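All values derive from a computational prediction rather than experimental measurement.
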Amino acid sequence: MLVIPTKSPVQFEREQYRRHSAVPELWAVLDRVTDPEIPVLSLWDLGVLKDIKRLGEQVTVIITPTYSGCPAMDVMSEDIHHALVSFGIKKVSVVVELSPAWTTDWMTARGRDHLRSFGIAAPEDVVATESNIVDEDTRALCPHCGSDDTSLISEFGSTSCKALFKCHRCLEPFDLFKHI
């Protein structure tokens, strides 16, 4: 029987790590914490939430920014702290790890679907490019109408991890989450 993988090995390993965690209730609590810029996307689905460790009363949450210098990290840390304290955890620390660097491989399939529904093209929505570099020849599927008749407006969109495109069919601008 031929088995066709439906997710990347990195994503599969990440899900298995979470599935075998000793603190599933804390993962469930943090599933309600969303990216402050993309409120339909949980930190887990974005790939920012890496790990949760509990040692007695102390809970430590490890997160990695989508790029170093991401201005949303303080808000994410506060939201994580607030969610866990509201759940009854008294001692919470949030650790920001820069290494290994965040990668779009850590995003979940559900996260990619949520991006599109929010009007942001997912990293794999790039069409006909030979590299991961977004340049003037790059086209991306429009998250509004699905057309590939698009063009790059700017290498940087609303944040450094996105590029700004326009669609020539529906005339809507949209961000593309860059493949990293």
Side-chain angles (χ1 to χ4, degrees), residues 3-54 59-81 83-84 92-127 129 131-134 138 140-141 143 155-165 174-180:
V3 176
I4 300 172
T6 57
K7 58 183 73 172
S8 76
V10 171
Q11 187 60 40
F12 179 77
E13 181 179 315
R14 192 168 175 262
E15 289 177 5
Q16 291 302 309
Y17 181 80
R18 175 181 169 156
R19 182 169 293 141
H20 298 292
S21 167
V23 289
E25 71 282 3
L26 300 181
W27 287 98
V29 167
L30 293 186
D31 279 342
R32 294 188 291 265
V33 178
T34 60
D35 181 278
E37 297 169 340
I38 311 169
V40 297
L41 198 58
S42 74
L43 298 185
W44 169 257
D45 287 331
L46 181 57
V48 167
L49 177 58
K50 287 181 62 180
D51 201 0
I52 305 169
K53 297 178 180 178
R54 184 174 197 161
V59 171
T60 302
V61 178
I62 300 169
I63 58 176
T64 296
T66 55
Y67 63 98
S68 62
C70 174
M73 296 311 289
D74 288 342
V75 174
M76 290 179 191
S77 295
E78 290 174 17
D79 290 348
I80 289 168
H81 188 272
L84 291 173
V92 177
S93 65
V94 179
V95 175
V96 177
E97 286 186 352
L98 300 179
S99 180
W102 178 87
T103 169
T104 47
D105 287 341
W106 295 354
M107 294 175 73
T108 67
R110 183 178 58 199
R112 294 165 197 269
D113 290 342
H114 286 302
L115 278 176
R116 292 182 191 102
S117 70
F118 197 64
I120 299 172
E124 68 271 14
D125 293 346
V126 169
V127 178
T129 182
S131 71
N132 290 332
I133 298 172
V134 173
T138 304
L141 296 177
E155 290 181 36
F156 298 100
S158 58
T159 63
S160 295
C161 52
K162 298 179 203 124
L164 182 61
F165 281 77
F174 65 92
D175 276 332
L176 163 75
F177 218 105
K178 297 176 194 171
H179 181 82
I180 299 174

I180 backbone acceptor or donor facing T103 side chain under 3.5 Å: yes

For the residue pair V59 and R54, what are the closest heavy atoms and their distance? CG2-CG, 3.9 Å

For residues 67-74, which side-chain N or O atoms pair as donor and acceptor with protein atoms under 3.5 Å away, sequence neighbours left out?
none

Assess whether a salt bridge exists between D113 and R116, defined as any Lys/Arg side-chain N lying under 4.0 Å from an Asp/Glu carboxylate O. yes

Are side-chain heavy atoms of D125 and P143 found at a separation under 4.5 Å? no

F165 CZ to I120 CD1 distance, which is reported to the nearest 0.5 Å: 13.5 Å

Please find the pair of heavy atoms, one from L46 and one from M107, that lie closest to each other, and give the distance. O-CG, 3.2 Å

Please find the pair of heavy atoms, one from Q16 and one from H20, that lie closest to each other, and give the distance. O-CD2, 2.9 Å

With side chains defined as the heavy atoms from C-beta onward, is the minimum distance between F118 and P39 less than 4.5 Å? yes

Count the heavy atoms of every other residue, nucleotide or ligand shown that sit under 6.0 Å from CD of E13, and state whether that count exceeds 12. no

Pair V126-H179, side-chain contact (heavy atoms from CB on, under 4.5 Å): steps then yes or no: CA-CA 9 Å; V126 169; H179 181 82; over 6 Å; no

Less than 4.5 Å apart, any side-chain heavy atom of S160 and any of K178? no

Under the side-chain contact (heavy atoms from CB on, under 4.5 Å) rule, what do I38 and K162 come out as? Steps first, then yes or no, please. CA-CA 12 Å; I38 311 169; K162 298 179 203 124; 4.0 Å; yes

With the side chain counted from C-beta on, respond yes when I62 and K53 share a heavy-atom pair under 4.5 Å apart, and no when they do not. yes

Can you tell if the side chain of I63 reaches within under 4.5 Å of the side chain of I80, non-hydrogen atoms only? yes

Side-chain donor/acceptor of T64 to backbone N/O of E97, under 3.5 Å: yes

So, for A140 and F174, which heavy atoms are closest and what is the spacing to 0.1 Å? O-CZ, 3.9 Å

Does the side chain of K50 come within less than 4.5 Å of Y17's, by heavy atoms? no

A122 to L176 - nearest heavy-atom pair and separation: O-CD1, 3.3 Å

Side chain to side chain, Q11 and T108, heavy atoms closer than 4.5 Å: yes

Do D105 and S8 meet the criterion of a side-chain donor-acceptor pair at a distance under 3.5 Å? no

Donor-acceptor pairs under 3.5 angstrom involving side-chain atoms of residues 21-30: please list them, not counting sequence neighbours.
unit_1: S21; atom_1: OG; unit_2: V23; atom_2: N; d: 3.0
unit_1: S21; atom_1: OG; unit_2: W27; atom_2: NE1; d: 2.9

Say you draw a straight line from CZ of F177 to OG1 of T159; how long is it, rounded to the nearest 0.5 Å? 6.0 Å

Trace of the side-chain contact (heavy atoms from CB on, under 4.5 Å) decision for D175 with L164: CA-CA 5 Å; D175 276 332; L164 182 61; 3.7 Å; yes

Taking the side chain as C-beta and beyond, is there a heavy-atom pair between L41 and T34 under 4.5 Å? no

Smallest separation among heavy atoms of D31 and R18, with atom names: OD2-NH2, 2.5 Å

